[in-house]
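Notes follow once the structure below has been shown.
Just so it is clear: chains get the letters A, B, ... in the order the sequence lines come, proteins before strands, and each one is counted from 1.
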There are 2 protein chains.
Amino acid sequence: MAEREVDRSVSQTVKAQLALRDQILSGALRPGERISELQAVETTGASRTPVRMALVRLEEEGLLEAIPSGGFMVKAFSERDISDSIELRGTLEGLAARFAAERGVSARELEPLKECLAAIDELLRQVPISVDAFSSYVTLNARFHALLTELSRSPPLIRQIDRASALPFASPSGFVMAQSALPEAQQILIIGQDHHRVVIDAIENREGARAEAVMREHARLAVRNLRLALRNRTHLDLLPALALIKTATD
Amino acid sequence: MAEREVDRSVSQTVKAQLALRDQILSGALRPGERISELQAVETTGASRTPVRMALVRLEEEGLLEAIPSGGFMVKAFSERDISDSIELRGTLEGLAARFAAERGVSARELEPLKECLAAIDELLRQVPISVDAFSSYVTLNARFHALLTELSRSPPLIRQIDRASALPFASPSGFVMAQSALPEAQQILIIGQDHHRVVIDAIENREGARAEAVMREHARLAVRNLRLALRNRTHLDLLPALALIKTATD
DNA sequence: TGTATGCGTTGTGTATACAATAGCGGAGGA
DNA sequence: TCCTCCGCTATTGTATACACAACGCATACA
């Protein structure tokens, strides 16, 4: 009897965590809404213990908030929370770039980053960029940022950046998607690519301050564009994290 | 029958979390050592479910590391991990100070910070500083940093700073204690107090860049002093987090 | 008619039983 | 003597049962 389909390839805890995260980011669970464990058990197929573990993890991740009287609710974010989160990640990435530059990086370690850069250049040559190419861009951009973070060789910093990127709107992919809502999207992507180029150059020449400054500017650009995108609310359905933005308040 | 003493005033999960953290920071559990759930159940008095919840939380906090094959082990930190963590927090606090300065803070909001500053000044007037006064200093310093963080008015940033301070050696109290191991401790504390004074002044005058710079310098001072303290390993028993430093490796 | 109290239901916090897996030790063969 | 394989044990992952607390609704009294 396959009444309860048990997938043994992945732990129930992880399965529940992924399922719940999907529900939150897809907007199936509204911000501020209390999450019922019982309901979560039904929708995820796991039992209460792994569901509870998943809820604790999602709380630490920042997607949920503990209710004092017990249980969890979906966290709601203001527009400022989102822009602050992006700037926060930019600051952290700036520190990572500085560490990479100051501590030195061999040409061999820089190679994957340069390949990534070249691949993005190739994509941006299309005018206007196709939907498929844009999707590839999102992936490549996330890869670029991940590689750059790694170059810092600082586990505590890498860990913190990962945490900061857990909130979808603060992840590299998140704000790229937000930018895509703007008419001048392609131009923005090209400016961003310039930043990528500069940070590699700065790291190669061991210019820590310059490497840091450009990554922070990179994030500030993203913040400005997110603000613009939120003004003219077109195509914002591309941004899944929008489900988390406070609607009534603020 | 009080065979199992159940304290209903605080949840079993929190109780277990605190007990386990104590065990880790006191060195009762060595870095790299696997934590047995069964053993944790015995030492904490809670049952397996809350113990597991506590373990997940401590992992997210950064004190534990998940073992791929299952279970958790006490995380081990290198000296560089520690100095990176301090610099990381300094960077975050720098951003908080910048936010406070740029967004504006009323005189009334700045008042508690100034009181804190004055109280520390009072303490440092003693030469040499007494043990009691030093203990008060640790508390006041933590309070100063917490108040400053709050002034940013940015929940995501505050949250991230809290996380960064979860590792005891990266908390304000942690590195103050490390500094105390140095003969020139008092002089260092006075320099730190100068930083505190400057950051308040910068926030008052809405000089974001200056506010940020001084907080980063504040952290860099702490890193330098921690390095010195670790060189001449005297009085380092004052630093409880030392239990987490890798011994053999690195 | 409004408010307060009590009872019922729902849901979380905790405990424990069961299942599955990984690691270790012993035994047998090369 | 060493290597390999099989089985056992210990420990984790999962499921579920139980207890208590909180919220809501209804009813009764002012």
[X] [atom1] to [N] [atom2], straight-line distance once rounded to whole Å:
X: B/Glu59; N: D/dT12; atom1: CD; atom2: P; result: 14 Å
X: A/Gln39; N: C/dT12; atom1: CD; atom2: P; result: 10 Å
X: B/Met53; N: D/dT14; atom1: CE; atom2: P; result: 15 Å
X: B/Arg34; N: C/dG23; atom1: CZ; atom2: P; result: 8 Å
X: A/Glu37; N: D/dA15; atom1: CD; atom2: P; result: 14 Å
X: A/Ile35; N: C/dT10; atom1: CD1; atom2: C1'; result: 17 Å
X: B/Gln12; N: D/dC20; atom1: CD; atom2: C1'; result: 13 Å
X: A/Glu33; N: C/dG11; atom1: CD; atom2: P; result: 13 Å

Could you check whether [X] pairs with [Y] (Lys NZ or Arg NE/NH1/NH2 to Asp/Glu carboxylate O, under 4.0 Å)?
X: B/Glu60; Y: B/Arg163; result: no
X: B/Asp84; Y: A/Arg103; result: yes
X: A/Lys75; Y: A/Glu59; result: no
X: B/Glu93; Y: B/Arg89; result: yes

So, does the side chain of [X] form a donor-acceptor pair with the base of [N] at under 3.5 Å?
X: A/Ser36; N: C/dT10; answer: no
X: A/Arg48; N: C/dG11; answer: no
X: A/Ser69; N: D/dA22; answer: no

B/Ser47 vs C/dA15: side-chain N/O to OP1/OP2 distance below 4.0 Å:
yes
Please state whether the phosphate of D/dT14, meaning OP1 or OP2, lies under 4.0 angstrom from any side-chain nitrogen or oxygen of A/Thr13.
yes
For B/Ile67, answer base if it contacts any base atom (sugar-phosphate contacts may also be present), sugar-phosphate if it contacts only those atoms, and nothing otherwise; contact means non-hydrogen atoms under 4.0 Å.
nothing
Report the nucleotide, chosen from D/dT12, C/dT16, D/dT14, that has the shortest atom-to-atom distance to any side-chain atom of B/Thr49.
C/dT16
Which of parallel (below 30°), tilted (30 to 60°) and perpendicular (above 60°) describes A/His196 and A/Phe144?
parallel
